[in-house]
There are 2 protein chains.
Amino acid sequence: MDHDIKEPDIPEILKSVGLRVTPQRDAILRHIIDRKGHMSADQIYRFMQGSLPNLSVSTVYNTLKSLSDAGLIREIKFGDGASLFDANREPHHHMVCTVCKELFDFYLLATPDLTQIAQQVHFHIEEYHIQVKGICDACQRRMIDVK
Amino acid sequence: MDHDIKEPDIPEILKSVGLRVTPQRDAILRHIIDRKGHMSADQIYRFMQGSLPNLSVSTVYNTLKSLSDAGLIREIKFGDGASLFDANREPHHHMVCTVCKELFDFYLLATPDLTQIAQQVHFHIEEYHIQVKGICDACQRRMIDVK
DNA sequence: TAAGTATATTATAATAACTACTATGTACTA
DNA sequence: TAGTACATAGTAGTTATTATAATATACTTA
């Protein structure tokens, strides 16, 4: 058995934040961690039809809320449509393409200094997130081709 | 007549972005510019009952979309509930208090350098917005008092 | 200045994304 | 191996928003 990539112990992660281990939570958290991307509640629900055909939509929402409250995943509200969720790994931010609506991660080398502002207004910062809107590479190329 | 504060010429602003001047658009844009804060479509709708009792909810949404597309106002999706809108003045960002849910503006002195990342991934940045979550001054005090 | 037309508005219906509710089921406790 | 606190499923309800279609109006141009 090769251990190049260490499989995360999902039940252990759930226990560590005080959540009961259920097949539904295990499967949903596993899916979010395995797939690197962003996904909506509905996408998760539809994906789970294979392995958990009795899974209820409300369980998906309840689970996403529990995982989110526990800090294991992050909810991204961006553009139109449904909230997206991703595994809360290294701090990262998001770019959304206003043409194709696709969402891209990005990582900041130098983080903006928010401490000054926070001190001025006595705001206790828990987290911050940068949303960038623009046009992705593929859509830029497409626009040039059309022109 | 004192001209200390120059009144914005709303019809002129609308024309300048190619929008027809209607009483509804005039009133809505005026309200958003006059009031400095953030407001939801529903808040605008209810406020307008006095001056435009026949105003329809869909007109509020249509108008907000037109104004937003034209870059005159900005839509803020943050936390739960409805989108908020504000006049798109100097670039600024937002802090939301996770306790009282209130939204605060803040202005960055040094803007984060996103150009490097944009160049790397060939993303054409149109705008960016920093969302900060945390606890506001008032709520921090309240928590200390209770303790 | 008065049609004409493209666009805006209204009112209502429809939709999407979620939340509330309650009966049933199950993970953990002792 | 109960007992119980919590989770799930299924359905109904809610909220915010969008679509539709008939009527009305802002702006154009003759």
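Every value quoted in this text rests on a predicted model; they were computed, and no experiment measured them. We name chains A, B, ... by the order of the sequence lines, and we start the count at 1 in each one.
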Inset, instruction - Please list residues of residues 8-30 of chain A whose heavy atoms come under 4.0 Å from any atom in DNA chain C, ordered by number; otherwise none. - result: R20(A), V21(A), P23(A)
Legend entry - Remaining members of the apolar cluster that contains V132(A), side-chain heavy atoms under 4.5 Å: M95(A), F104(A), F106(A), L108(A), L114(A), I117(A), V121(A), F123(A), I125(A), Y128(A), I130(A), M95(B), F104(B), F106(B), L108(B), L114(B), I117(B), V121(B), F123(B), I125(B), Y128(B), I130(B), V132(B)
Inset, instruction - Under 4.0 Å from any heavy atom of chain B: name the first and the last nucleotide of DNA chain D that qualifies, 5' to 3'. - result: dA16(D) to dC27(D)
Legend entry - Flag if over 12 foreign heavy atoms under 6.0 Å of CD, E126(B): yes
Inset, instruction - State, with a plain yes or no, whether a side-chain heavy atom of R74(A) is found less than 4.5 Å away from one of E127(A). - result: yes
Legend entry - Partner set under ring pair (Phe, Tyr, Trp, His ring centres under 6.0 Å) for H38(B), not counting sequence neighbours: H94(B)
Inset, instruction - Return the set of residues passing side chain to side chain donor-acceptor pair (under 3.5 Å) with S16(B) (not counting sequence neighbours), or none when no residue passes. - result: none
Legend entry - Terminal helix-axis angle for the helix from dT1(C)-dA30(D) to dA30(C)-dT1(D), with five pairs defining each axis and rounding to 10 degrees: 40°
Inset, instruction - Report the residues that fulfil side chain to side chain contact (heavy atoms under 4.5 Å, CB included) with D69(B), sequence neighbours left out, ordered by chain and then residue number. - result: K65(B)
Legend entry - Check: G134(B) main-chain N/O paired with T98(B) side-chain donor or acceptor under 3.5 Å: yes
Inset, instruction - Round to a whole Å and report the spacing from CZ of F85(A) to P of dA17(C). - result: 12 Å
Legend entry - Heavy-atom donor-acceptor pair, Q24(A) side chain to T63(A) backbone, under 3.5 Å: no
Inset, instruction - Would you kindly compare K77(B) and N62(B) by the position of their nearest DNA chain D nucleotide and give the one closer to the 5′ end? - result: K77(B)
Inset, instruction - Would you jot down, in residue-number order, the residues of residues 32-60 of chain A having a non-hydrogen atom under 4.0 Å from DNA chain C? - result: S58(A)
Inset, instruction - Assign S83(B) to base, sugar-phosphate, or nothing according to its heavy-atom contacts below 4.0 angstrom with the strands shown. - result: sugar-phosphate
Inset, instruction - Using a cut-off of strictly less than 4.0 Å, decide whether Y61(A) has a side-chain nitrogen or oxygen near OP1 or OP2 of dT19(C). - result: no
Legend entry - Co-members of the apolar cluster containing L84(A) [side chain, <4.5 Å]: I76(A), F78(A), V96(A), L103(A)
Legend entry - side chain to side chain donor-acceptor pair (under 3.5 Å) partners of R46(B), counting only residues at least two apart: D42(B)
Inset, instruction - Figure out the CG/P separation between D69(A) and dT19(C), and round it to whole Å. - result: 11 Å
Legend entry - Closest contact, heavy atoms only, I13(B) versus P8(B): CD1-CB, 4.1 Å
Legend entry - Listed partners of K15(B) passing salt bridge (charged side-chain N to carboxylate O under 4.0 Å, His left out), at least two apart: none
Legend entry - R20(B): salt bridge (charged side-chain N to carboxylate O under 4.0 Å, His left out) partners, not counting sequence neighbours: none
